[in-house]
Amino acid sequence: MLRAATIVALALVPAAARPASPMTYMVSSGPAANPTTALGWGLLGLSVFVAAFIACAVLIGIWWKRGDGAYDGNGWPVVSRGRNGLPWLLIGVPVSVVLLLASAIWTFHVLDAIAAPPKKAPITLLVTAHQWWWEVRYQRTDDPKSGFETANEIHVPVGVPVRLRLSSADVIHSFWVPQLAGKTDAIPGQVNLAWLEADRPGMYRGQCTEFCGMQHAHMALYVIAQSASAFRAWWQYQTRDAAMPTAQAAASGSAVFGSRCAICHTVRGRPGSQGGLGPDLTHLMSRRTIAAGTLPNTIGNLAGWVSDAPSLKPGVAMPRENLDGPQLQALLAYLQTLK
Amino acid sequence: MAVNSTYHTPAIVTPDKGLKRKLESMWSDPPGRYGWLATTDHKMIGKRYLVTAFVFLILGGLEALGMRLQLAQPNEHLLPPELYNQFFSMHGMTMIFLYSLPILSGFSNYLWPLILGTRDMAFPRLNAFTYWVFLLAGIFLYIGFWEGKGTDVGWFNYVPLASRAYDPDWNVDIYSLGMVFLGISTTAGAVNFIATMFRTRAPGMSISRVPIMIWGTLVANIGILFAVPAVSLDFLLLWLDRRFGTQFFDVSGGGRPLLWQHLFWIFGHPWVYAIVLPAMSIVSQGLPVYCRRPLVAHSAVVLATILTMVLGFGVWVHHMFATGLPPIAMGYFAAASFVIVIPSAVSVFAWVATIWTGRPVFTTAFKFFVAEIVLFVIGGVSGFMTASVPLDLQLTDTYFVVAHIHYVLIGINVFPVVGGIYHWFPKMTGRLMDERLGRWNFWLMFIGFNLGFFPMHISGLEGMPRRIYTYPANMGWGNLNLITTIGSFVFALGVLLFVINVIRSRSRGERASANPWDASTLEWATESPPPSYNFAVIPRVASLHPLWESRLDERSRSTLHEGPVLDDGHQLPGTTPLDAEPDVILDMPSLTLAPLVTALLIAGTFLGLLLTTWWLAGACMLAMIPTLLWWLWPRAEAGWAVDA
């Protein structure tokens with residue numbers, strides 16, 4: 001067993017020396033997650049200690065040389081009543097109870113701390129999960145009519161709590177941005193409340209964590225925390241409609257969009273584009289990724305995606321479009337105007 | 001069993017060759033295909049359970065190896081998502097329903113009557129029936145997979161993903177009906193174990209003298225009796241939703257997706273205990289033999305076993321912490337989940353104390369039992385972490401939980417099972433397993449398991465979600481997954497060595513005496529392998545350790561080599577539930593094809609329901625009436641009693 005432990009330890013050293021994953025929750029960046037992170041390290045430490053203690057107790061118990069006792073004809077120790085083993089239970093069980101009680105109290109304390117934001121959240125996000133992307137509607141909490149819609153990328157101001165109202169358009173999903181908050185399921189027929197707050201600027205990755213069908217693996221999102229002024233500018237920009245394209249190529253691309261894309265996708269300001277099945281594309285080019293975090297939002301990826309989405313993300317609702325070269329070029333020119 | 005109305009006190013004798021020959025002629029199955037199909041011998045049925053469940057373990061293991069190859073590196077394309085999703089769903093279903101409980105039923109079926117000092121289970125025909133239903137339900141659950149239409153929405157089968165709108169194919173119908181089908185076997189088996197425990201123990205085996213192995217299985221089966229109806233109902237409602245448009249789970253009709261989860265986990269968490277408590281009791285029974293002393297705090301361990309099962313019904317919501325329940329409810333279930341650690345601590349400290357105060361003998365079985373203790377503690381503390389609600393909101397549905405359940409299910413089920421085979425193989429076959437191969441077998445399994453599954457804790461803490469068929473390269477999960485894949489193949493190699501050892505030792509192993517490990521319980525009092533009638537005379541038990549009494553200086557001694565003659569048909573003594581005083585002679589039924597035919601008719605019914613071929617389902621159900629009459633037709637010579 002010692003041998004096994006050594007091998008495992010050696011194997012894990014290179015793994016542990018890597019930089020942390022963007023998804024690790026052993027570090028966190030906001031009051032909805034920080035108390036949990038501390039609790040996590042605490043309980044992890046206690047768990048490692050308990051497991052190591054019992055493992056050592058077992059190893060010592062096996063190899064500890066006992067005084068000579070009688071052996072039977074087969075060379076096996078003769079059965080006897082043995083010494084009294086009860087002290088193990090009489091000490092071990094009460095100590096376990098005390099440790100459990102302490103863990104429970106800490107747990108309830110943290111549960112209370114993360115149940116609701118410490119101050120009123122001025123912004124509410126209506127997050128609706130779809131197979132396999134995130135629809136996000138922004139509102140000022142005091143004005144439900146305000147706001148705009150975007151997808152798969154959430155911007156938040158640093159130091160300000162944001163309220164989430166989570167629901168689903170189809171099956172159960174789970175909203176998780178590990179460094180900002182624990183998971184909350186998005187369940188059809190009900191609205192679950194959650195909140196998050198980033199205490200420093202940065203880009204935080206999230207991912208769906210309830211199995212939701214074929215492309216569960218490709219349902220990521222990003223939360224981008226920025227300064228209050230930068231956030232305000234972003235909000236202003238996002239509320240704007242898309243401008244009608246002026247250049248020749250983009251204008252003919254707009255026509256392609258109208259015939260191929262508009263039935264499912266909305267572009268605010270473009271007449272006839274109010275489709276609700278896919279993400280709102282009004283400011284598509286302001287997003288860092290496409291297809292729910294599957295691909296970086298580059299012109300090449302965009303070209304691949306609009307011409308044959310199912311080969312990149314099998315099962316996706318977006319069909320394969322048989323666009324000829326000029327059509328594809330025009331459509332890409334149009335999409336690039338959606339800044 | 002049937003109560004013999006012509007009851008008279010039988011003579012007490014020391015069995016001679018004549019009596020043994022007479023019993024052998026009565027109890028052994030007729031040769032040929034008929035005897036093979038009609039047998040009600042618990043030893044035969046037990047071995048069938050063990051082999052069948054092990055075949056399912058290998059199937060589920062191959063599915064796992066496929067997944068591990070796909071996940072070994074980021075962005076692999078070995079398994080497309082539609083196949084990967086079937087693999088992980090079938091893997092979970094296979095391991096949880098078709099391997100982990102049935103393998104324990106195999107041990108219990110084989111060992112219970114021997115440990116209890118009797119000749120058969122309380123309901124031998126029902127026993128045969130439960131095996132056939134298990135086998136047929138297992139095949140039923142796999143029929144879609146071969147067509148590429150295995151269930152692909154996870155063994156937990158959450159709606160609405162499992163509803164017809166999102167999964168219109170047959171796969172979920174097969175899973176739903178198959179689970180209702182399998183539930184018949186599990187429930188009937190539980191009834192049989194409970195009746196056996198309370199009615200057929202050897203005279204004198206009062207409740208305080210019942211070996212620990214029996215307690216684990218008994219408690220698990222009482223739990224099963226309460227837990228399985230919830231899941232059978234759940235799957236039935238889902239099937240009705242899918243086939244007839246009822247709307248139990250459909251939001252558009254006022255149904256609730258969370259209803260599925262509540263019913264599923266009200267079953268699911270007790271089920272976890274049902275598949276670990278009997279395995280823990282294998283350790284509690286086997287470990288002391290190799291420590292050359294009785295188990296420390298036997299009574300406390302028994303009470304802890306019972307307490308675990310009771311508390312196990314009050315913790316199901318800890319599978320649902322992220323579903324948006326109010327904090328006060330989550331607080332209650334977190335507290336209950338912490339409390340359930342206490343009885344587990346009792347068992348662990350009892351095992352450690354047994355090692356410390358004993359004088360261990362390093363057999364292969366001993367190594368597997370000791371490994372179980374360490375793996376159980378690792379799986380236990382990671383479970384304790386998930387009981388903490390806020391922390392669970394981070395841990396849940398990541399690989400941390402995958403690591404946890406595998407430390408629980410492999411650590412507390414597979415390791416004791418393999419250790420248990422090394423321990424009881426000589427009893428079952430009359431031959432010892434090879435200890436040298438056993439050493440390799442153990443170390444490959446132990447190192448492979450830890451190499452494979454320990455890094456999953458870390459990939460979980462690094463945020464890797466469960467049930468994803470691939471992951472991007474920049475997540476930093478690649479190396480950990482590669483180690484996991486290598487470890488799982490080493491583990492698989494260990495399992496392969498085990499299979500080789502079993503096959504080799506069956507014909508070439510060293511001959512075993514009646515009691516090769518010098519163990520203390522009654523199964524070791526009869527020959528290896530036991531004769532068809534188990535005991536020529538039923539022993540009278542005077543202590544918890546009938547075969548160690550002289551060395552433990554017990555005040556009273558069990559009587560093993562003389563007892564009442566019970567040779568007037570398939571007879572065994574019925575005893576009172578608590579004191580195990582004999583109060584009746586039970587006439588056990590003879591072998592018959594009725595259980596097999598009934599099981600086939602049930603399979604036909606479910607096939608009819610699956611194919612919506614209603615006439616087939618109806619015809620099979622009608623045919624069950626005469627079959628059950630045939631099964632239960634009273635025997636005049638037994639006082640018109642009914643055979644079950």
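We name chains A, B, ... by the order of the sequence lines, and we start the count at 1 in each one. Quick note: numbers below take in every heavy atom, side chains included, and nothing from hydrogens, waters or symmetry partners. Note that this is a predicted model, so its numbers are computed, not measured.
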Open item on the list: Please list all pairs meeting side chain to side chain donor-acceptor pair (under 3.5 Å) that have one or both residues in residues 337-348 of chain B, counting only residues at least two apart or in different chains.
Closed with: B:H318-B:S337

Side chain, backbone, both or neither: which part of [X] has an atom under 4.5 Å from a heavy atom of chain B?
X	result
A:N74	neither
A:V78	both
A:Q190	side chain
A:L43	both
A:S96	side chain

Task: Stepwise side-chain contact (heavy atoms from CB on, under 4.5 Å) test for A:F211 and B:F156 - done: CA-CA 10 Å; A:F211 181 67; B:F156 49 93; 4.0 Å; yes

If you count heavy-atom pairs within less than 4.5 Å of chain B, which of [options] leads?
options	value
A:D112, A:L111, A:T184	A:L111
A:A55, A:S80, A:A51	A:S80
A:M26, A:Q179, A:R205, A:Q131	A:R205

Using heavy-atom distances under 4.5 Å, tell me whether [X] contacts chain A through its side chain, its backbone, both, or neither.
X	answer
B:F449	neither
B:V348	side chain
B:W548	side chain
B:T363	side chain
B:Q86	neither
B:N474	backbone

Open item on the list: Please tell me whether B:T323 and A:D185 have a donor and an acceptor in their side chains that are separated by less than 3.5 angstrom.
Closed with: no

- [ ] With a 4.5 Å cut-off on heavy-atom pairs, point out which of B:V389, B:I378, B:T396 contacts chain A the most.
- [x] B:T396

TODO: May I ask you to decide if the ring planes of A:W63 and B:F362 are parallel, tilted or perpendicular, using 30° and 60° as cut-offs?
DONE: tilted

